[in-house]
Amino acid sequence: MAKRTSGSDGGRGDSPSQLIDARIEELGDWRGEMLARIRALVTQADPDVVEEWKWRGVLEGSTRRAIDFHEGDTVDEKAFQALVHAVVALNTA
């Protein structure tokens, strides 16, 4: 399955999808498992999703969006995918 990608490659020449794969493997614990699960849920909710890699460092702008997950958290998959659908609808409206 081919993935559409965009965004910065962190200067390494890797696609965002490859960088995310590497990060999941690098974490190697519950965080990698959670990232892989959330990534799969997003992809299932919107198969046309474009993965991006945002660098850390200077953060410009005043808007930050995040959902924090902690070790042992359970994810309501149906609700999470409904959230993804709502975001997609908002961003494509």
Side-chain angles (χ1 to χ4, degrees):
M1 173 176 82
K3 295 181 184 175
R4 295 184 335 188
T5 61
S6 69
S8 173
D9 66 4
R12 295 176 18 183
D14 295 330
S15 73
S17 292
Q18 291 170 321
L19 292 169
I20 295 166
D21 288 341
R23 182 64 177 151
I24 289 169
E25 186 175 332
E26 175 186 310
L27 289 169
D29 58 9
W30 70 269
R31 297 170 300 165
E33 292 172 13
M34 181 67 79
L35 177 55
R37 185 69 198 130
I38 296 301
R39 183 188 197 192
L41 290 171
V42 170
T43 303
Q44 289 168 9
D46 181 10
D48 294 326
V49 69
V50 176
E51 293 187 314
E52 295 187 8
W53 182 262
K54 303 284 182 152
W55 63 91
R56 294 185 185 261
V58 178
L59 299 167
E60 297 179 15
S62 61
T63 303
R64 310 286 189 283
R65 293 173 191 89
I67 299 173
D68 292 327
F69 294 98
H70 302 279
E71 186 171 14
D73 284 353
T74 57
V75 178
D76 182 332
E77 295 181 0
K78 187 175 180 178
F80 183 81
Q81 288 186 320
L83 176 65
V84 172
H85 285 288
V87 169
V88 169
L90 180 66
N91 286 328
T92 57

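- Not one N or O on the side chain of E25 forms a donor-acceptor pair closer than 3.5 Å with the backbone of A22.
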Residues 83-93, side-chain donor-acceptor partners within the protein, below 3.5 Å, at least two apart:
unit_1	atom_1	unit_2	atom_2	d
N91	ND2	V87	O	3.3
T92	OG1	V88	O	2.8
T92	OG1	A89	O	3.4

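- Every pair passing salt bridge (Lys or Arg N to Asp or Glu O under 4.0 Å) that includes a residue from residues 73-87 is listed here, sequence neighbours excluded: R37-E77.
- Atom CD1 of I38 sits about 12.5 Å away from atom CD of E33, to the nearest 0.5 Å.
- Atom CH2 of W53 and atom OG of S17 lie 11.0 Å apart (nearest 0.5 Å).
- In this structure, D14 and Q18 approach most closely via the heavy-atom pair CA-OE1, 3.4 Å.
- Under the 3.5 Å distance criterion, the side-chain polar atoms of Q81 are matched with a main-chain donor or acceptor of L41.
- Atoms CG and CD1, on D21 and I24 in that order, are 6.0 Å from each other to the nearest 0.5 Å.
- Going from atom CH2 of W30 over to atom CZ of F69 covers 10.0 Å, rounded to the nearest 0.5 Å.
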Pair E51-R39, salt bridge (Lys or Arg N to Asp or Glu O under 4.0 Å): steps then yes or no | CA-CA 9 Å; E51 293 187 314; R39 183 188 197 192; 2.6 Å; yes
side-chain contact (heavy atoms from CB on, under 4.5 Å) between L27 and M34, intermediate numbers included | CA-CA 10 Å; L27 289 169; M34 181 67 79; over 6 Å; no
